[in-house]
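Starting from 1, each residue takes its place in the sequence as its number.
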Amino acid sequence: MTILEQTVAAIRPADPAALAAARAHQDSLTKPRGALGVLEEVAVRLAGAAAVSPPPLPAPAALAIFAADHGVHAQGVTPWPQEVTVQMVGNFLAGGAVANAFAAQVGASVTVVDVGVAADLPPAPGLTVSKVAYGTADLSVGPAMTAEQVVAALEAGIAVARELVDQGARCLVTGDMGIANTTASAALICAFTGKDAAAVTGRGTGVDDETLARKVEVVRQALRVNGLPGGRESRPAAGPASGREGAGSFSGGLSEGMEGTPEDGRAVPPLEVLAAVGGLEHAAIAGFVLGGAALGVPVILDGVIAGSAALAAAALAPAVVDHCVAGHRSAEPGHAAALDHLGLRPLVELELRLGEGTGGLLAHPLVCAAVRVMHEVATFDSAGVTDKEA
């Protein structure tokens with residue numbers, strides 16, 4: 001099997017016995033039942049994922065920021081120049097970004113992964129070069145990636161997850177950097193959830209109304225030319241999209257987990273969706289999530305880029321969702337749609353729209369606190385406290 005196939009095969013759903021034991025333990029602690037609200041469910045979720053109750057403490061954490069550029073930038077979907085991607089990579093490596101400040105606050109390591117930056121980066125501490133290509137092709141005129149590129153990016157993410165866990169990480173946090181990557185995210189969310197482009201395409205870095213309207217149409221065009229759901233308003237009635245020519249072929253069992261059904265009735269394999277309208281960092285993040293789940297290490301998802309990548313990961317391995325925690329809900333409308341589709345409830349809602357892993361980092365102390373309760377809070381019996389009468 002390939003690395004990707006091995007990873008998917010290693011992912012197990014939440015263990016029912018551990019889930020039951022965790023819920024029973026929560027109910028025995030010296031507090032009113034359910035008093036910790038969502039935090040109780042987080043602890044139970046992590047117990048099910050780890051197949052043991054109480055679950056291991058999810059610390060230390062490791063943030064991986066996957067960076068890549070996008071050919072769709074040429075369509076004017078953002079006022080930010082493409083060179084900002086490589087400049088921000090330098091900022092991460094110098095410790096000057098918001099993600100660095102938040103990582104220092106929670107004691108997380110920071111690894112920057114060049115999976116598709118449109119420039120050559122000099123070696124630097126904290127930088128992993130796993131470049132698959134110098135950015136993607138323009139998804140609005142055809143597939144963003146070839147079949148080979150999407151698998152290479154997925155496996156690059158898996159490799160980073162394995163390396164960080166080998167180095168001692170017990171919780172992984174997703175991060176991203178890529179000018180124009182919210183456009184690809186919106187297209188992925190449309191394709192995997194069936195939502196309309198106007199409902200899930202947001203302002204990203206803060207675009208004006210005119211640019212937002214262009215961005216929505218670019219997303220629709222991308223879905224249309226790639227034969228994916230969501231491009232209905234101006235999509236041809238039937239027939240394969242010419243944009244798929246030259247994209248390579250998808251074979252093997254992973255191509256059989258179908259997601260999305262275009263109007264012509266053809267089910268689209270998840271790898272094909274990801275290659276058609278995703279970014280190299282989206283694919284790498286999907287691999288990162290799969291890699292963490294295969295190793296039994298929880299993954300805290302950041303914002304809309306992570307949410308769209310998690311949709312792809314879940315389409316490849318549905319049980320991966322049992323190993324994920326939604327760190328926050330961003331201001332991007334597509335993020336809520338992605339989380340709803342995944343069945344995940346965000347821990348933080350602060351109207352963030354920065355990316356980089358910032359929302360996931362802010363949520364990490366809450367995840368740790370939820371698990372620490374399971375380990376350190378006394379039970380009614382051990383503390384000699386009278387429980388509520390049945």
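- Looking at heavy atoms from C-beta onward, Leu347 lies out of side-chain contact with His328 at the 4.5 angstrom threshold.
- Taking every heavy atom of both residues into account, Asn226 and Gly142 meet most closely at OD1-C, 3.4 Å.
- Considering every non-hydrogen atom in both Ile65 and Glu356, the closest pair reads CG1-O, 3.6 Å.
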Audit row: Val77, Thr182, side chain to side chain contact (heavy atoms under 4.5 Å, CB included) steps and yes/no: CA-CA 9 Å; Val77 293; Thr182 59; over 6 Å; no

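- A side-chain donor-acceptor contact under 3.5 Å links Gln149 to the backbone of Thr146.
- The shortest side-chain heavy-atom distance between Ser308 and Phe192 does not fall under the 4.5 Å cut-off.
- Between Lys215 and Asp209 there is no salt bridge, since none of the side-chain N atoms of the basic residue sits less than 4.0 Å from a carboxylate O of the acidic one.
- For the atom pair Asp302 CG and Leu63 CG, the distance stands at 8.0 Å (nearest 0.5 Å).
- The two residues Ala314 and Val321 have their closest heavy-atom pair at CB-CG2, 3.7 Å.
- Considering only heavy atoms from C-beta on, Phe66 stays 4.5 Å or farther from Asp176 through its side chain.
- Residues Cys324 and Leu344 have side chains in contact (heavy-atom distance under 4.5 Å, counting atoms from C-beta outward).
- Of the N and O atoms on the side chains of Glu281 and His70, at least one donor lies less than 3.5 Å from an acceptor on the other residue.
- Judged purely by distance below 3.5 Å, without hydrogens or angles, the side chains of Asp69 and Thr85 pair a donor atom with an acceptor atom.
- Remark: of the listed residues Arg33, Arg45, Lys31, Lys31 is the sole one forming a salt bridge (charged side-chain N to carboxylate O under 4.0 Å, His left out) with Glu40.
- Transitive grouping of hydrophobic side chains (ILVMFWY, heavy atoms separated by less than 4.5 Å) brings Val277 and Leu271 into a common cluster.
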Side chain to side chain contact (heavy atoms under 4.5 Å, CB included) evaluation trace for Val72 with Val218: CA-CA 8 Å; Val72 75; Val218 166; 3.5 Å; yes

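- The distance from atom CD of Glu41 to atom CG of Leu46, rounded to the nearest 0.5 Å, is 11.5 Å.
- The OG1 atom of Thr7 lies 8.0 Å from the CG atom of Leu295; values are rounded to the nearest 0.5 Å.
- Interatomic distance, Asp340 CG to Thr193 OG1, rounded to the nearest 0.5 Å: 9.5 Å.
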Pair Leu361-Gln105, side chain to side chain contact (heavy atoms under 4.5 Å, CB included): steps then yes or no: CA-CA 9 Å; Leu361 289 168; Gln105 175 67 26; over 6 Å; no

Check against side chain to side chain donor-acceptor pair (under 3.5 Å), Thr78 and His73: CA-CA 7 Å; Thr78 173; His73 181 274; 5.7 Å; no

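- Using modelled atom types and a 3.5 Å distance limit, the side chains of Asp381 and Thr379 yield no donor-acceptor pair.
- Closest heavy-atom contact between Ala64 and Leu164: CB-CD1, 4.2 Å.
- Using a 4.5 Å heavy-atom threshold, the side chains of Arg372 and Cys368 count as separate.
- A single hydrophobic cluster is not seen to contain both Val207 and Leu354; linkage of ILVMFWY side chains at heavy-atom distances under 4.5 Å, directly or through other members, places them apart.
- Note that the NE2 atom of His282 and the OG1 atom of Thr174 stand 11.0 Å from one another [nearest 0.5 Å].
- The minimum heavy-atom distance between Ala61 and Val173, with the atom names listed, is CB-CG2, 4.4 Å.
- Among all heavy-atom pairs drawn from Leu139 and Ala222, the shortest one is CD1-CB, 3.0 Å.
- Side-chain contact check for Val225 versus Ser140: every heavy-atom pair is 4.5 Å or farther apart.
- Distance alone, capped at 3.5 Å, places no donor-acceptor pair between the Lys195 side chain and the Gly334 backbone.
- For Arg345, the CZ atom counts as loosely surrounded, since its 6.0 Å shell holds 12 or fewer non-hydrogen atoms of other residues, nucleotides or ligands.
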Worked check of salt bridge (Lys or Arg N to Asp or Glu O under 4.0 Å) between Arg203 and Asp208: CA-CA 7 Å; Arg203 295 183 183 271; Asp208 59 21; over 6 Å; no

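- In this structure, Gln87 places its CD atom where more than 12 heavy-atom neighbours from other residues, nucleotides or ligands lie under 6.0 Å away.
- Remark: side-chain polar atoms of Asn100 are paired, donor with acceptor, to backbone N or O of Phe92 under 3.5 angstrom.
- Remark: Arg214 engages Glu210 in a salt bridge, criterion side-chain N to carboxylate O under 4.0 Å.
- Checking side-chain atoms of Ser382 against main-chain N and O of Ala378 turns up no donor-acceptor pair under 3.5 Å.
- Taking hydrophobic clusters as Ile, Leu, Val, Met, Phe, Trp and Tyr residues chained together by side-chain heavy-atom distances below 4.5 Å, Val98 shares a cluster with Val348.
- Remark: the backbone N or O of Gly178 is paired with a side-chain donor or acceptor of Asn181 at under 3.5 angstrom.
- Under the 3.5 Å distance criterion, the side-chain polar atoms of Thr136 are matched with a main-chain donor or acceptor of Gly71.
- Remark: Ser330 OG to Leu301 CG distance equals 12.0 Å, nearest 0.5 Å.
- The shortest side-chain heavy-atom distance between Val289 and Val320 falls under the 4.5 Å cut-off.
- Leu366 and Phe102 fall within the same hydrophobic cluster, where Ile, Leu, Val, Met, Phe, Trp and Tyr residues are linked whenever their side-chain heavy atoms come under 4.5 Å apart, directly or through other members.
- Look at Arg329 and Glu349 and you find a salt bridge, because one of the NZ, NE, NH1 or NH2 atoms lies within 4.0 Å of a carboxylate O, short of that distance.
- Tracing side-chain contacts under 4.5 Å through hydrophobic residues (I, L, V, M, F, W, Y), one never reaches Val297 starting from Val44; they form parts of separate clusters.
- With salt bridges taken as basic N to acidic carboxylate O contacts below 4.0 Å, none links Asp322 and Arg12.
- Contact check for Arg170 versus Pro58: no side-chain heavy atoms found under the 4.5 Å cut-off.
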Verdict with supporting geometry, Ile3 and Arg162, side chain to side chain contact (heavy atoms under 4.5 Å, CB included): CA-CA 11 Å; Ile3 293 171; Arg162 290 178 174 180; 4.0 Å; yes

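- The backbone N or O of Gly204 sits less than 3.5 Å from a side-chain atom of Glu332, completing a donor-acceptor pair.
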